[in-house]
Amino acid sequence: MGLSEQQIINRLVPTLLRLRQTNFYRVIQRTVMLTFPFVLIGSFSAIIEQTVLTKTGFLASIFHLSKWVPYYRYLHYPFDNLTNLTLDSVAIIAAFGAAKYHAKLHHRDDQLSGLTGAIALLLIAYQYTDQAQNGMFNALLLGTNGLTGGIIIGSLTGWYFQLFSKPTNIVQKTHAAEILDRTFHSLLPMLMTMLTALVISIGMHYLSVMSYSEESWAQFQKIATTSHSLWLTFGMAALTLLLELFGLAGPYQQRLVTNSPAMTTNLNTALSQHSAYHVPYPFTANTLYDAFGTFGGTGMLLALVIAIYVASHNHNYHVVARWSMLPALFNANGPMLTGLPVLYNPIYLIPFICAPLLNMAVAALAISWHWMPPMVYPVPIGTPGPLIAFIGTDGNWVALVIGLVCLALSVAIYMPFMRLSEAILHAAHEESLRSEMTADEN
């Protein structure tokens with residue numbers, strides 16, 4: 001006789017609760033949630049920029065904004081800056097948070113530790129570009145793709161403070177002389193962190209690590225995005241989903257996918273034959289992953305937002321879901337990744353990977369059975385996920401229905417894992433109350 005969903009949840013809660021209570025996981029979770037407001041603001045700014053203030057954007061195309069809005073071509077500049085200064089500095093915030101929370105857990109100076117971690121990441125991201133040693137920062141190390149690197153640098157900084165500084169009580173030390181005393185106690189770990197960062201930075205520069213890795217990654221991504229093999233498409237999608245869950249860029253990272261020869265060939269064939277049913281490359285990243293696997297961004301997180309609205313009883317979940325609904329509709333998953341958080345969360349590993357892959361399988365079957373044509377036509381930037389296949393197939397209603405079915409399947413997949421996450425939060429809250437009661441009795 002099989003186990004019920006509730007019995008499985010009850011068996012998993014103790015193990016996952018112990019993981020949640022480890023210092024390592026607490027530092028990561030708090031750090032990711034610290035980035036949430038910046039990611040949220042950056043996501044809204046990016047949506048406005050892409051859908052409204054770009055000529056080929058979804059809303060701009062519908063309302064022909066470029067033809068009647070005054071100074072339209074200049075309006076995107078403030079939002080460009082806001083997006084860059086929030087989303088492209090997330091790793092700095094992560095380095096600050098990881099160093100701060102690690103030091104705080106061990107009763108060290110968390111303020112200086114956090115600032116040192118942020119500066120250390122900036123030192124590593126600095127690129128020397130000429131003989132005068134003037135340069136610029138590597139945006140890949142400072143933005144969302146550098147989130148994991150920022151957490152690692154911050155954790156290393158906090159570890160240096162744990163080993164080489166003395167315990168302190170910052171609340172009590174607020175006078176100038178006491179702050180100066182704290183500073184001298186923290187000089188050694190600060191110097192060690194910065195020296196380590198300088199060594200890494202100079203080593204990366206002279207070994208050209210970043211140049212080689214960027215070139216290799218560009219070649220790998222080109223192979224992935226230009227492939228029209230069904231199995232390679234599924235494999236690259238699975239790799240993208242796994243890497244994204246751990247804060248890294250995958251080969252199908254949404255904002256990096258560009259037009260490929262297969263996409264161009266499909267479009268030309270459809271235009272010449274006046275039909276997209278018999279294009280030469282029906283199974284590509286564009287026709288499967290982009291069209292059916294990215295509703296709400298990587299991981300089908302629009303489905304998780306809906307699952308929270310439908311079945312969650314947690315107030316904080318509903319708050320995050322409300323703020324994340326609009327970004328998720330326009331395929332921005334950052335607020336859900338950092339606010340819930342989904343990033344680095346083992347609970348959501350299975351649905352994050354399986355929901356998009358199942359949707360791709362459903363779409364592949366529908367295409368192979370000629371229920372619908374593959375997506376071959378250009379889609380406006382920022383098109384809501386469920387409409388991508390509908391517009392990309394020139395208004396095929398079966399494609400829209402398949403998209404909605406895939407969304408419903410994804411909601412069903414996420415639902416039990418969302419309940420498991422809620423059960424762990426409830427168990428953690430009860431244990432905290434028991435600890436407080438025990439402390440009061442003693």
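In this structure, Ile350 places its CD1 atom where only 12 or fewer heavy-atom neighbours from other residues, nucleotides or ligands lie under 6.0 Å away. Counting heavy-atom neighbours within 6.0 Å of Phe63 CZ, excluding the residue itself, gives a total of 12 or less. The neighbour count for His318 NE2, taken as heavy atoms of other residues, nucleotides or ligands under 6.0 Å away, is above 12. Annotation for Tyr25: atom OH counts as buried by contact number, over 12 foreign heavy atoms lying within 6.0 Å.
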Inset, instruction - Start with the C-alpha gap between Asn359 and Met300, add the side-chain angles, then the distance that decides, and say whether side chain to side chain contact (heavy atoms under 4.5 Å, CB included) holds. - result: CA-CA 9 Å; Asn359 294 347; Met300 289 290 296; 3.1 Å; yes

Inset, instruction - Would you please test Leu340 and Tyr317 for side chain to side chain contact (heavy atoms under 4.5 Å, CB included) and show each step? - result: CA-CA 7 Å; Leu340 214 55; Tyr317 276 20; 3.6 Å; yes

Inset, instruction - Given ring pair (Phe, Tyr, Trp, His ring centres under 6.0 Å), test Phe390 with Trp397 step by step and report yes or no. - result: CA-CA 7 Å; Phe390 177 67; Trp397 288 99; 5.0 Å; yes

Inset, instruction - Mind running side chain to side chain contact (heavy atoms under 4.5 Å, CB included) on Leu304 and Met415 for me, showing each step along the way? - result: CA-CA 7 Å; Leu304 180 55; Met415 197 79 75; over 6 Å; no

Inset, instruction - Determine, step by step, whether Leu407 and Leu302 satisfy the side chain to side chain contact (heavy atoms under 4.5 Å, CB included) criterion, reporting the C-alpha distance in whole Å, the side-chain angles of both residues, the deciding distance to 0.1 Å, and the verdict. - result: CA-CA 8 Å; Leu407 182 59; Leu302 178 59; 4.2 Å; yes

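Looking at Ser113, its side chain does come within 3.5 Å of a backbone N or O of Ala99 through a donor-acceptor pair. Listed for the Asn145 side chain is no donor-acceptor partner under 3.5 Å among the backbone atoms of Leu248. Judged by distance alone, the side chain of Thr148 and the main-chain N or O of Phe246 form a donor-acceptor pair under 3.5 Å. Of the possible polar contacts, none joining the Arg322 side chain to the Val320 backbone as a donor-acceptor pair under 3.5 Å is found. A donor-acceptor pair under 3.5 Å is absent between the side-chain atoms of Asn333 and the main chain of Gly296, judged by distance alone. The backbone N or O of Pro341 sits nowhere less than 3.5 Å from a side-chain atom of Thr338 that would complete a donor-acceptor pair. Checked by atom type and distance alone, the side chain of Ser45 never pairs as donor or acceptor with a backbone atom of Ile41 at under 3.5 Å. Formation of a donor-acceptor pair under 3.5 Å by the Glu49 side chain with backbone atoms of Thr54 is not found in this model. Without hydrogens or angle criteria, Arg108 side chain to Gly158 main chain gives no donor-acceptor distance under 3.5 Å. No donor-acceptor pair under 3.5 Å is formed between the side chain of Ser186 and the backbone N or O of Leu112.
Of the N and O atoms on the side chains of Glu430 and His426, at least one donor lies less than 3.5 Å from an acceptor on the other residue. Using modelled atom types and a 3.5 Å distance limit, the side chains of Gln162 and His102 yield a donor-acceptor pair. A side-chain donor-acceptor contact under 3.5 Å links Thr196 and Tyr160.
A 4.5 Å side-chain heavy-atom check between Phe330 and Gln50 finds every atom pair outside the cut-off. The shortest distance between side-chain heavy atoms of Arg20 and Gln29 falls below 4.5 Å. Looking only at side-chain heavy atoms (C-beta outward), Pro335 and Phe36 come within less than 4.5 Å of each other. You'll find the side chain of Phe161 reaches within 4.5 Å of the side chain of Thr116, heavy atoms only. Contact annotation: the side chain of Asn286 approaches that of Met375 to within less than 4.5 Å [non-hydrogen atoms, C-beta and beyond]. At least one side-chain heavy atom of Pro346 sits less than 4.5 Å from a side-chain heavy atom of Leu19. Between Phe352 and Phe417 the shortest side-chain heavy-atom distance does not fall below 4.5 Å. You'll find the side chain of Phe234 stays beyond 4.5 Å of the side chain of Tyr289, heavy atoms only.
Relative orientation of the Tyr348 and Tyr414 rings is tilted, given thresholds of 30° and 60° on the angle between their planes.
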